[in-house]
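Because the structure is predicted, anything quoted here is derived from the model rather than measured. Along the sequence shown, residues carry numbers from 1.
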Amino acid sequence: MSVKYIFVTGGVVSGLGKGITAASLGRLLKQRGYSVTMQKFDPYINIDPGTMNPIQHGEVFVTEDGCETDLDLGHYERFIDENLNKNSNVTTGKVYWSVLNKERNGDYGGGTVQVIPHITNEIKSRFYRGSENEDKIAIIEIGGTVGDIESQPFLEAIRQFQHEVGHENAILIEVTLIPYLRASQEMKTKPTQMSVKELQGMGLQPDIIVCRTEHELTEDLKSKIALFCNVPESHIIQNLDVEVLYEAPLALEKEGIAEAALESLHLENRTPDLASWTAMVEAWKHPSREVTVALVGKYTALHDAYISVVESLKHAGVAHNARVNIKWIDSEELTPENVAATLSDVSGVLVPGGFGDRGIEGMITAIHYARENKIPFLGLCLGMQLTLVEFARNVLGYADADSIEFSPETTHPIINLMPDQIKDGAIGGTLRLGSYPCVLAPGSKAAALYGTFSITERHRHRYEVNNDYRDEFTSNGLTICGTSPNGHIVEMVELKGHPFYMATQAHPEFKSRPNHAHPLFSGFVGAALDFKE
């Protein structure tokens, strides 16, 4: 078989759910016994989303090998349950950066560097790169919308690639919109026809068309799309909204998307094993309990900024046969005067990661309230750093305790840079990114939740716990329950005498899956359910 390729593009408008469609297909192929990997090609010129504002672009997802990527990779990992890597997210910026460096290095022999062939060759070289003899299906999503000027080099690269490897080894799925005009009570196929014509004008012919629609497609509409777009009617796939995100693979299975893809790739359509996935979706849709937790963050204006945290909470809810309702709280609006009223109806408080000093005091206020009122609490990355700052201020009595990120002149730098992070007096390239090992303390709640003493979690932060204060923390009841293997770096803390009060430097949300919730989130939601009852 070697490697087969499925390219997924989007037409008409953005935001149609190309990523969910691609991830759903990946799950369906995996459940048929095929080996699947996924990639995202983004047309923006940034090298990666690491420096982009989460309110503008959404969450920065981090892979095991420490690559800052688009949030769609989080969907991919959650759906296909495979760890992706630095090759899984490619941007226009990365492509041009590589080409320009090669030009400066003389790799092109003094020739004129052009979009074709140099940019398109660079793009093609980044289509899934595994071993030559590997049997795998690579699903590759192209960001943006067909017709966007910035997407054209990617589409041209696909055209060339199909010609080189053979159409039966590289197929194209177009995700489009079928709008409904309420005034005339009609569903319109013309936008889809025009989007496909745009592709055809670039030498690309979709093999499958996935139609996002609010109303069911009639056979007449499917027939019309098939006729005008030169696609078999059985390859016109209806994609309706679903109640639960993870129901999408099951809905698309009924519509025959996997069968159409395998037919186009000349591969066997095996019987899928969807029993456990179906059971998970049913548990999700029919919870026996519910609980409300507060998510106190600085990027709450765009919920996608915390999408992995949200999904992890929901995964944990399913594990407890419960629905988790999230109360979104802008930390800039939270004060000591309104915190009691704001958190009066929640059974848990979660403070997630972030950068910069905006909204910090509101997060500390929430942490203080959860600690004193014994409300289940989970702090992630920045949330853990502020957990220690709050403890230092209100238990150890250091009123000016802070992180040097926010207060460089503090006399009590609870959160600091490690000495080896400062080079010639400057901070540069010092983010701790990707998977790092952690050793959990015997007898700790963390070890009980994980069921082991040795774990790995993904990180994305620069500042660390100042070891000068470790003895004071532990002697006052804050247990250091997780450290780096050499014991030098504090990774996780928990509070004695509190029903659930845990914080970690890591981002455990990146490793949670819908069919097996992350231990920390499961423990947090379980404690919140107990608190409510």
Visitor: Excluding sequence neighbours, so at least two apart, what forms salt bridge (Lys or Arg N to Asp or Glu O under 4.0 Å) with K188?
Guide: E186
Visitor: Do other residues, nucleotides or ligands put more than 12 heavy atoms under 6.0 Å from E150 CD?
Guide: yes
Visitor: With rounding to the nearest 0.5 Å, note down the distance linking CG in N89 to CG in L84.
Guide: 9.5 Å
Visitor: Return the CD1 to OG distance between I415 and S403, rounded to the nearest 0.5 Å.
Guide: 6.0 Å
Visitor: Heavy-atom count check: over 12 atoms from other residues, nucleotides or ligands less than 6.0 Å from K136 NZ?
Guide: yes
Visitor: Taking NE2 in H516 as the centre, count heavy atoms belonging to other residues, nucleotides or ligands within less than 6.0 Å. Is the count above 12?
Guide: yes
Visitor: Regarding K4 and D135, does a basic nitrogen lie under 4.0 Å from an acidic carboxylate oxygen?
Guide: no
Visitor: Compute the centroid of each ring, for Y450 and then for H518, and state whether the two points are separated by less than 6.0 Å.
Guide: yes
Visitor: Give me the atom names and distance for the closest heavy-atom approach of K18 to G144.
Guide: NZ-O, 3.3 Å
Visitor: Is the centre of the Y5 ring less than 6.0 Å from the centre of the F161 ring?
Guide: yes
Visitor: Whether the S195 and E174 side chains hold a donor-acceptor pair (N or O, under 3.5 Å, no angle test) is what I'd like checked.
Guide: yes
Visitor: Could you tell me which residues satisfy salt bridge (Lys or Arg N to Asp or Glu O under 4.0 Å) with E491, sequence neighbours excluded, listed by chain and number?
Guide: R432
Visitor: With side chains defined as the heavy atoms from C-beta onward, is the minimum distance between L350 and L380 less than 4.5 Å?
Guide: yes
Visitor: Using the test salt bridge (Lys or Arg N to Asp or Glu O under 4.0 Å), find all partners of E82 that sit at least two apart in sequence or belong to another chain.
Guide: K30
Visitor: Please find the pair of heavy atoms, one from A503 and one from T387, that lie closest to each other, and give the distance.
Guide: CB-OG1, 3.8 Å
Visitor: More than 12 heavy atoms of other residues, nucleotides or ligands under 6.0 Å from CH2 of W328: yes or no?
Guide: yes
Visitor: So do I139 and T37 actually touch side chain to side chain, heavy atoms under 4.5 Å?
Guide: no
Visitor: So, Y246 versus H315, ring centres under 6.0 angstrom or not?
Guide: yes
Visitor: Is K124 paired with E164 through a side-chain N to carboxylate O contact shorter than 4.0 Å?
Guide: yes
Visitor: Given side chains that start at C-beta, do those of Y108 and K102 come closer than 4.5 Å, heavy atoms only?
Guide: yes
Visitor: Have T456 and K511 got a donor and an acceptor in their side chains that come within less than 3.5 Å?
Guide: yes
